[in-house]
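Down below is the structure, laid out as structure tokens.
Computed over heavy atoms, backbone and side chain alike; hydrogens, waters and symmetry mates excluded. Please read these numbers as outputs of a predicted model, since none were measured by experiment.
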Amino acid sequence: MVAVHASAHSVASSEWIICLDKRPAERSGEDVDIILARLRGVKAFEKFHPNLLQQICMCGFYECLEKGITLYRQGDIGTSWYAVLSGSLDVKVSETANHQDAVTICTLGVGTAFGESILDNTPRHATIVSRENSELLRIEQREFKTLWEKYRQCMAGLLAPPYGVMDSGATNDRMPDKENLNSDPLNFMSKNLYKVPSEKILRAEKVLRNAILARAPHMIRDRKYHLKTYRQCCVGTELVDWLLQQSSCVHSRAHAVGMWQVLLEEGVLNHVDHKLNFQDKYLFYRFLDDEEEDAVLPSDDEKREAEEELQETLLFLSQIGPDAHMRMILRKPPGQRTAEDLEIIYDELLHIKALSHLSNTVKRELAGVLIFESHAKAGTVLFNQGEEGTSWYIIQKGSVNVVIYGKVMSCHVISVYLG
């Protein structure tokens, strides 16, 4: 590993860097406060418990890498964990263990954390190379293990999978340029959810709402949380429990989550704070029919119709729920995916024919970095000929046109990859 402190950088004289350059035992309380003030503004640490962040300030080190520096190579046994404070780094993977054959699979942007293979001393899964001048926070293995043992619950969701990617956002009919890659991924995804629900989904929402009001009317009611009242809403965990009780076609809680996610994607079920993922938690969701102040309760005839249609509706949602669940997982920023999420993505990749030539190790790495994109509008430009590539694509549904110097070649395949 080669790391340099570039005197040309304007940040080199920053007080917080001087504090981080001190040996941990020599850092004063004032030093820790100075470092803490800087790290509080870093995306990678924004959800860390204050006590954990203070511990990081006491044991972390500053590193500045010039462009093109290899931080570590695939197969190395790691000694440190890292978080990106500025700049970006490429993640390169080789199937042959020959570094010359390595292919860049993603880019680590500001706020991503990586390197937790040091917890079990497994070899590094990829080679990391600085894409530009970059600043990193480094924590050595012994200190990181100590933090992990003490703050495992806090850190687990933020440190998996091993690698994150630079988030992407879209504007108009053009995919984002490199400068825009750090914009809010959820904002981008919200623009790509279905805007007009289909008649079948609208009917499914009505059937489920009316069936709940017929069988368990207490589930839909005004609720108070943190001194705020939420009108006519349901709790995520109760909705999952209810589905599991209604039909044997609902196989698990994850399956039920996917079924509710279908309704949430099409806007007929909404989180009260407009979150895009349905969660099996104490979170509040409201049916579209309950959005209005003067929501009308179903008549006895409407309740009876809902009872008659319920099993058919549940079967329909159970069939399309897994795809919605997969989209939901792929919309999560990579650093927020759970071990279960990664297994679901990995299992899906095993069935994609276009990826059959890749090893299982590479597929597991891909599971951690793939992000879902949906382009409902024909004519959206993903990238132009001659531009530097920043992403790699798998087409799950639909088709794209490849235009080369005025010649058009249409790709009408479900699962292909474009370099």
Side-chain angles (χ1 to χ4, degrees), residues 46-49 152-161 164 167 184-190 192-194 197 201 204-205 208-209 212 216 218-226 228-246 250-288 290-291 314 317-318 320-345 347-348 367-368 370-372 374:
E46 60 187 11
K47 294 184 179 179
F48 276 26
H49 189 280
R152 176 191 296 266
Q153 188 172 359
C154 170
M155 299 174 75
L158 298 169
L159 302 184
D167 301 326
D184 182 5
L186 295 184
N187 180 52
F188 166 65
M189 295 308 171
S190 67
N192 288 278
L193 295 178
Y194 301 113
I201 294 297
E205 179 266 345
L208 290 178
R209 173 182 179 264
I212 288 175
H218 64 280
M219 287 177 56
I220 303 177
R221 65 179 190 273
D222 294 350
R223 299 173 187 271
K224 283 188 176 181
Y225 187 69
H226 285 179
K228 185 175 180 180
T229 299
Y230 296 88
R231 293 184 55 262
Q232 294 300 96
C233 55
C234 309
V235 174
T237 51
E238 292 182 4
L239 288 173
V240 170
D241 290 339
W242 186 81
L243 274 191
L244 287 167
Q245 295 166 6
Q246 306 310 310
V250 186
H251 306 306
S252 65
R253 300 191 74 84
H255 192 191
V257 166
M259 294 166 68
W260 288 119
Q261 180 67 23
V262 171
L263 302 188
L264 191 144
E265 279 190 349
E266 296 217 19
V268 296
L269 179 74
N270 295 296
H271 186 278
V272 294
D273 288 332
H274 308 291
K275 296 184 186 298
L276 299 178
N277 292 343
F278 183 90
Q279 297 184 62
D280 184 8
K281 295 182 179 180
Y282 190 77
L283 299 174
F284 299 154
Y285 298 89
R286 187 180 294 120
F287 285 104
L288 183 63
D290 289 316
E291 293 283 349
L314 293 178
L317 292 176
S318 73
I320 61 177
D323 286 342
H325 192 213
M326 175 64 71
R327 289 191 295 270
M328 180 186 75
I329 293 172
L330 291 176
R331 287 188 182 104
K332 292 182 183 179
Q336 294 181 13
R337 293 174 190 168
T338 65
E340 182 183 1
D341 291 339
L342 296 179
E343 282 302 314
I344 291 173
I345 300 173
D347 186 64
E348 182 70 18
L370 290 176
I371 289 180
F372 178 76
S374 175

Donor-acceptor pair, distance only, cut-off 3.5 Å: does the side chain of Gln246 make one with the backbone of Trp242? yes
Once rounded to the nearest 0.5 Å, what's the spacing between atom CE of Met219 and atom SG of Cys233? 11.0 Å
Would you indicate whether the side-chain heavy atoms of Phe284 and Val235 approach each other to under 4.5 Å? yes
Rounded to the nearest 0.5 Å, what separation is found between the CG atom of Leu264 and the CD atom of Glu205? 12.0 Å
Arg223 (side chain) donor-acceptor with Arg231 (main chain) under 3.5 angstrom: no
Worked check of side chain to side chain contact (heavy atoms under 4.5 Å, CB included) between Thr237 and Leu283: CA-CA 8 Å; Thr237 51; Leu283 299 174; over 6 Å; no
Roughly how far, to the nearest 0.5 Å, is CD of Glu266 from CD1 of Ile201? 4.5 Å
To the closest 0.5 Å, what do you measure between CD (Gln261) and CE (Met326)? 12.5 Å
Do you know the tightest heavy-atom contact between Asp280 and Gly236? OD1-O, 4.3 Å
Given Arg286 and Asn270, is the side chain to side chain contact (heavy atoms under 4.5 Å, CB included) satisfied, shown in steps? CA-CA 5 Å; Arg286 187 180 294 120; Asn270 295 296; 5.5 Å; no
Look only at the side chain of Trp260 and the backbone of Leu239, and say whether a donor-acceptor pair between them is shorter than 3.5 Å. yes
Looking only at heavy atoms, the pair that brings Ala204 and Leu263 closest together is CB-CD2, 4.4 Å
Please test Phe287 against Val268 for side chain to side chain contact (heavy atoms under 4.5 Å, CB included), starting from the C-alpha separation and ending with a verdict. CA-CA 6 Å; Phe287 285 104; Val268 296; over 6 Å; no
Residue pair Ala324 / Val262: nearest heavy atoms and the distance that separates them: CB-CG2, 3.5 Å
Any idea how His271 and Tyr285 line up, ring-wise: parallel (<30°), tilted (30 to 60°), or perpendicular (>60°)? perpendicular
A side-chain contact here means heavy atoms from C-beta on lying under 4.5 Å apart; do Val257 and Gln279 qualify? no
Rounded to the nearest 0.5 Å, what separates atom CD in Glu238 from atom OH in Tyr282? 7.5 Å
Under 30°, 30 to 60°, or over 60°: which ring-plane class applies to His251 and His255, parallel, tilted or perpendicular? parallel
Kindly compute the distance separating CG (Leu243) from CG (Leu317), expressed to the nearest 0.5 Å. 8.0 Å
Stepwise, does the side chain to side chain contact (heavy atoms under 4.5 Å, CB included) test hold for Leu288 with Leu269? CA-CA 6 Å; Leu288 183 63; Leu269 179 74; over 6 Å; no
